[in-house]
Student: 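For reference, the structure I am asking about is given below.
Letters A, B, ... mirror the listed sequences (proteins, then strands); counts begin at 1.
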Amino acid sequence: MTTVRIPAGWPATEERALAVQDELRGRVVLDEPGPPPGTGRVTGVDVAYDDERDVVVAAAVVLDAATLDVVAEATAVGRVPFPYVPGLLAFREIPAVLAALEALPCAPGLVVCDGYGLAHPRRFGLASHLGVLTGLPTIGVAKNPFVFAYQEPGTSRGSASPLLAGEEEVGRALRTQDGIKPVFVSVGHRVTLETACAHTLHLAPRFRLPETTRHADALCRRALRATDVAGDGH
DNA sequence: GCGACAG
DNA sequence: ATCTTGTCGC
């Protein structure tokens with residue numbers, strides 16, 4: 001497990017964080033289709049916290065997109081760099097996620113994030129931010145709706161309905177399993193909403209959440225527990 | 001003004 | 001995110 005280095009100038013206040021979002025928002029690329037589902041590699045990233053001990057652990061798990069087999073993984077530990085503030089989640093998670101991605105022995109391909117990309121109050125969620133910083137294609141798959149309205153999608157797997165910011169479709173409520181609560185998909189960087197939804201369905205053949213986030217979630221929790229005093233002898 | 005609000 | 005036992009179901 002590698003150690004997180006917090007990037008120089010990482011914002012410490014909400015005001016500075018908002019300014020960073022304003023500055024980076026224009027660098028998001030929305031006109032590339034993105035890699036086709038089922039080919040190449042797909043990487044899930046997730047983060048777990050122990051705020052009591054000021055510890056954050058991130059995991060990145062690379063899957064073969066065709067078989068969904070795990071082909072590589074990495075973790076990173078560090079101190080929590082920012083409090084949780086709705087709309088500023090990226091400032092809490094990204095340093096650790098970057099460290100985990102850099103520790104991978106291979107290229108990540110498409111990155112699947114826990115949370116939102118475009119479906120964000122300022123159109124610059126975690127997935128957008130991570131995409132701009134890394135240049136990688138990214139999408140966001142969230143477990144809960146944030147601030148956008150949507151109609152309940154049809155009851156069968158594959159049904160979807162738009163997440164609306166007024167007239168603009170900023171994401172989609174997508175049913176990944178029959179009769180199960182939908183997930184909330186949005187574009188991060190260099191991927192189309194169509195492609196993002198296709199990837200999400202491809203990655204969730206059996207459970208509600210994509211295999212990428214299931215693996216990343218399990219790994220960062222396991223790694224965090226291994227950090228509990230007596231974990232690795234320090 | 002008050003509440004809601006990704007993880 | 002995290003605090004938490006058993007329990008219902010495939």
Student: Could you encode protein contacts along nucleotides 2-7 of chain B as a string, one character per nucleotide from 5' to 3', using B for base contact, S for sugar-phosphate-only contact and - for no contact, with a heavy-atom cut-off of under 4.0 Å?
Tutor: ---SBB
Student: With a 4.0 Å cut-off on heavy atoms, is A:Arg206 in touch with a base, just the backbone sugar-phosphate, or nothing at all?
Tutor: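 Counting heavy atoms under 4.0 Å across all strands, no contact is made by A:Arg206.
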Student: Determine which pairs satisfy salt bridge (Lys or Arg N to Asp or Glu O under 4.0 Å) with at least one residue from residues 76-97 of chain A, sequence neighbours left out, and list them in order.
Tutor: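 Every salt bridge (Lys or Arg N to Asp or Glu O under 4.0 Å) pair that includes a residue of residues 76-97 of chain A, provided the two are not neighbours, is A:Asp51-A:Arg92, A:Asp54-A:Arg79.
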Student: In a check of side-chain contact (heavy atoms from CB on, under 4.5 Å) between A:Val77 and each of A:Val56, A:Thr227, A:Leu224, which one passes?
Tutor: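 That would be A:Thr227.
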Student: Got a sec, which residues hit side chain to side chain contact (heavy atoms under 4.5 Å, CB included) with A:Pro7, two or more places apart in sequence or on another chain?
Tutor: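 Expected list: A:Trp10, A:Pro95.
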Student: Can you pull the ring pair (Phe, Tyr, Trp, His ring centres under 6.0 Å) pairs that have at least one residue in residues 50-70 of chain A, sequence neighbours excluded?
Tutor: none
Student: First and last nucleotide of DNA chain C in contact with chain A, 5' to 3', at under 4.0 Å to a heavy atom: what are they?
Tutor: C:dA1 to C:dT2
Student: Could you walk me through whether A:Arg190 and A:Leu110 pass side-chain contact (heavy atoms from CB on, under 4.5 Å), step by step?
Tutor: CA-CA 9 Å; A:Arg190 302 178 54 200; A:Leu110 175 82; over 6 Å; no
Student: If you look only at pairs with a residue in residues 63-75 of chain A, which of them pass as a salt bridge (Lys or Arg N to Asp or Glu O under 4.0 Å), with sequence neighbours excluded?
Tutor: none
Student: Would you mind listing every ring pair (Phe, Tyr, Trp, His ring centres under 6.0 Å) that reaches into residues 164-196 of chain A, with sequence neighbours excluded?
Tutor: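 Output for this query lists A:Tyr150-A:Phe184.
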Student: For A:Pro153, does its backbone N or O pair with a side-chain atom of A:Ser159 as donor and acceptor, under 3.5 Å?
Tutor: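 A pair under 3.5 Å: no.
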Student: Would you list the pairs meeting ring pair (Phe, Tyr, Trp, His ring centres under 6.0 Å) in which at least one residue belongs to residues 59-79 of chain A, sequence neighbours left out?
Tutor: none
Student: Please, which pairs that meet ring pair (Phe, Tyr, Trp, His ring centres under 6.0 Å) have at least one residue in residues 47-84 of chain A, sequence neighbours excluded?
Tutor: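 The answer is A:Phe82-A:Phe91.
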Student: Under a 3.5 Å cutoff on both atom distances, Watson-Crick or G-U, what's the dot-bracket for DNA chain C ([ ] crossing, | other strand)?
Tutor: ..........
Student: State whether A:Glu102 and A:Arg5 are salt-bridged, where the test is any N-O pair (Lys NZ or Arg NE/NH1/NH2 against Asp/Glu carboxylate O) under 4.0 Å.
Tutor: no
Student: Pairs in or reaching into residues 144-162 of chain A: which pass salt bridge (Lys or Arg N to Asp or Glu O under 4.0 Å), with residues at least two apart or in two chains?
Tutor: A:Glu152-A:Arg175
Student: Just need the stems in DNA chain B: three or more back-to-back Watson-Crick or G-U pairs, each with both distances under 3.5 angstrom, sorted by first number.
Tutor: none
